[in-house]
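Below is one structure, written out as structure tokens, with a few remarks after it.
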Amino acid sequence: MVSSAPCTPTRTEAEHIVYLTRELERAELKIRALEERLRLEMIRKYGPKSEQLSDAQLLLLDVEPGVSRQEVEAEGEREPLPTSTPETKNKRKSGKHPGRQELPASLPRVERIVSCSPEQCVCKACGKETVVIGHEQSEQLDVEPARYFVVVTRREKRACRGCAEGVSAAPLPARIIDKGLVSDRMVIDAIVSKYCDHLPLYRQSAMLHRDTGVSISRATMDGWLMQVGESLQVVAAATGRELLSEGYIQADETPVPVQMADKRGKHHQAYLWQYGRPGGSVVFDFRMGRGREGPVKFLGPFKGVLQTDGYAAYDRAGGVGIVHAACWSHARRKVFDALKLSPEDRIAAQLVARINELFSIDAAARDAGMSHEQRHDLRGERSRPLLNVMKREMESAQAAVLPASALGKAVNYTLSLWHKLILFLEHPVLELSTNIAENSMRPVVVGRKNWIHVGSEQAGPKVAAILTVVESCRRLKFPVREYLAAILPGLLNRPVQQVSRLTPAAWAASRIPE
């Protein structure tokens, strides 16, 4: 007799169903992660570059019980987003016009007197001659195009009239390029044009020929720059020793293509490692790779605070007692990427607002002109409680979201570096982020889009030395032309003991009146 009971699957079939269910869930999670990655790449390529919260995201925070109205208003203190309605599309921004910008008093003035016409010099009522009672004055910024000229140096020669021997000539002044066709100012102009204004040498060569008819190849110009870079290597090394003697360094790295001589037709990806201190000098170190040997060799026995983006190559760098700190901007960026993918995600918006509030505390200290000690007290009063709340929220978010999602990765990244992120509570000099270090990398990023690559592996350290000087002058806020003109002529002939007094920071300090 055949049973009418329904057929139950065997244990093997049940296990197979469970296995397939798990595989399906795993595939769905993988698809969601890939879709998030694709959306994020599309947003990075085509979306807005700003990392500010939108009005819609602020409304999410307004109904969040853990966020006060004051926090929402503080986050919303920015220009409102324009709407697409016809009434507001062409509406001008409200507010009082700031007025015409005043030109700096440090710029030289060239006066031009405009006289009245002959008709204005005679009174229309009585016919008598009018007199000047004043002037209506206005100012405009003007420019005089570069004027090329030839400097003729004539050295005096002397001899004794009564002797057949003893002819002597005045010594030749020290120059950057001995026996070169161009002056020191032309060499410095080529350096500034390439590494400050990102103007490639072939364009400089074409502009020089257009304006003067003088043909100087880019290979010749490149020779000038490499000779200068070789001279500046001793200054860059002294700047590095100066930096390591201090107790706080921010570090970052960026790729730079290097032209290879092996005829493969491909560039090698080298790296420029940047080490600097906020408000101080910066040093670029050229390396052919991104391995840990770069920071290990540069930092040596450094024992202070090293702040980076969390890259593992820095973990074994430095000496015994070094303190490794992390960057809040990188943590915020990852959370904000998750918010870009899901603008309605209240958890991501909440976390971004918390990190923004953390930065606003330091901004308030900066605006008030506080010292590091005063800022340290403010951080203990306001930042420490905020960090406690933020950590609890991130731990809750970690348990609520998928680890493979953008928000899950952002939260895991932040919590894994939490012990490094909160070190600013213990070290008053420590900044919240390495944004200053990243800003020092921007000239390199813009430059490599124009001059394409470094010409050879041997040229890398010379380029790094030039960038060290150029960026240090920018940070210390004095003209790089003036500095190069003061130290470059005869630099290699100076005693080694004098080099430490020629670093950008030492040179700037020597110019401050007592």
Side-chain angles (χ1 to χ4, degrees), residues 232-254 256 270-330 372-373 376 416-441 444 460-461 464-465 467-469 471-473 475-476 496-497 499-509:
L232 290 177
Q233 281 183 285
V234 294
V235 177
T239 305
R241 293 190 295 270
E242 186 180 77
L243 182 64
L244 291 172
S245 66
E246 300 173 350
Y248 176 33
I249 293 178
Q250 291 184 340
D252 199 4
E253 76 286 338
T254 189
V256 57
Y271 283 83
L272 280 170
W273 300 72
Q274 180 250 281
Y275 307 89
R277 188 180 191 278
S281 299
V282 61
V283 177
F284 284 88
D285 185 37
F286 175 82
R287 298 286 170 180
M288 290 296 285
R290 203 187 177 202
R292 63 170 57 95
E293 63 273 4
V296 168
K297 185 174 182 180
F298 180 87
L299 293 170
F302 177 70
K303 299 179 181 178
V305 179
L306 176 65
Q307 188 176 23
T308 65
D309 57 4
Y311 179 40
Y314 296 103
D315 289 343
R316 297 185 182 179
V320 179
I322 187 173
V323 177
H324 292 276
C327 168
W328 272 105
S329 285
H330 285 80
H372 287 157
E373 290 70 22
H376 181 65
S416 66
L417 295 175
W418 191 262
H419 62 291
K420 296 182 179 181
L421 288 169
I422 62 174
L423 285 174
F424 71 95
L425 295 175
E426 303 174 15
H427 301 272
V429 72
L430 188 60
E431 299 292 334
L432 284 180
S433 73
T434 59
N435 284 346
I436 296 176
E438 290 191 352
N439 288 341
S440 294
M441 288 297 192
V444 179
L467 289 171
T468 295
V469 167
E471 181 60 21
S472 294
C473 290
R475 280 200 184 188
L476 296 170
V496 178
Q497 296 79 4
V499 175
S500 60
R501 299 198 296 268
L502 298 178
T503 64
W507 187 81

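By convention here, the first residue in the shown sequence is residue 1.
- In this structure the side chain of Arg290 reaches within 4.5 angstrom of the side chain of Tyr311, judged on heavy atoms.
- Contact record, Asp285 with Gly294: OD2-O, 4.2 Å, taken as the closest heavy-atom pair.
- Counting all heavy atoms, side chain and backbone alike, Ala326 lies closest to Leu421 at CB-CD2, 3.6 Å.
- With rounding to the nearest 0.5 Å, the separation of CG in Leu502 from CG in Leu232 is 10.5 Å.
- Within the 4.5 Å cutoff, no side-chain heavy atoms of Leu430 are placed close to those of Val323.
- Under the 4.5 Å side-chain criterion, counting only non-hydrogen atoms from C-beta, Tyr314 is in contact with Glu253.
- Contact of the Val282 side chain with the Gln274 side chain is registered, since non-hydrogen atoms from C-beta on lie closer than 4.5 Å.
- Between Leu476 and Ser281, some side-chain heavy-atom pair lies under the 4.5 Å cut-off.
- The distance from the SG atom of Cys473 to the CH2 atom of Trp507 is 7.5 Å, given to the nearest 0.5 Å.
- Residues Thr308 and Thr434 fail the side-chain proximity criterion, which asks for heavy atoms closer than 4.5 Å.
- A donor atom on one side chain and an acceptor atom on the other are found under 3.5 Å apart for Ser440 and Glu471.
- Put simply, the side chain of His330 never gets that close to the backbone of Asp309: no donor and acceptor are under 3.5 Å apart.
- One distance of note links NE2 of His419 with NE2 of His324; it measures 9.5 Å at 0.5 Å rounding.
- The two residues Leu423 and Ala325 make their nearest non-hydrogen contact at CD1-CA, 3.9 Å.
- Here the closest heavy-atom approach between residue Phe302 and residue Tyr248 is recorded as CZ-N, 4.1 Å.
- One finds the OG1 atom of Thr254 at 10.0 Å from the CD atom of Glu438 (value rounded to the nearest 0.5 Å).
- Side chain of Glu431 to main chain of Pro278: no donor-acceptor pair is present (N/O by atom type, distance under 3.5 Å, no hydrogens or angles).
- The aromatic rings of Tyr275 and Phe298 sit parallel, their planes meeting at an angle under 30°, below the 60° perpendicular limit.
- Looking at Val429 and Arg277, their side chains come closer than 4.5 Å, going by heavy atoms from C-beta outward.
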Compile the donor-acceptor pairs under 3.5 Å between side chains in residues 238-247 and protein atoms, sequence neighbours left out, one pair per line.
unit_1: Thr239; atom_1: OG1; unit_2: Val235; atom_2: O; d: 2.8
unit_1: Glu242; atom_1: OE2; unit_2: Thr503; atom_2: OG1; d: 2.9
unit_1: Ser245; atom_1: OG; unit_2: Glu242; atom_2: O; d: 2.6

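- Summarising the geometry, atom OG belonging to Ser472 is positioned 8.0 Å from atom CZ belonging to Phe284; distances are rounded to the nearest 0.5 Å.
- Put simply, OG1 on Thr468 and CD on Gln233 are 10.0 Å apart, with the number rounded to the nearest 0.5 Å.
- Around NZ of Lys420, the count of heavy atoms belonging to other residues, nucleotides or ligands within 6.0 Å exceeds 12.
- Two residues are said to be in side-chain contact when any heavy atoms from C-beta on lie closer than 4.5 Å; Leu299 and Leu306 meet this criterion.
- When atom types are taken as modelled, the side chain of Gln250 and the backbone of Asn435 share no donor-acceptor pair closer than 3.5 angstrom.
- The shortest non-hydrogen separation linking Ala313 to Gly291 is CB-C, 4.4 Å.
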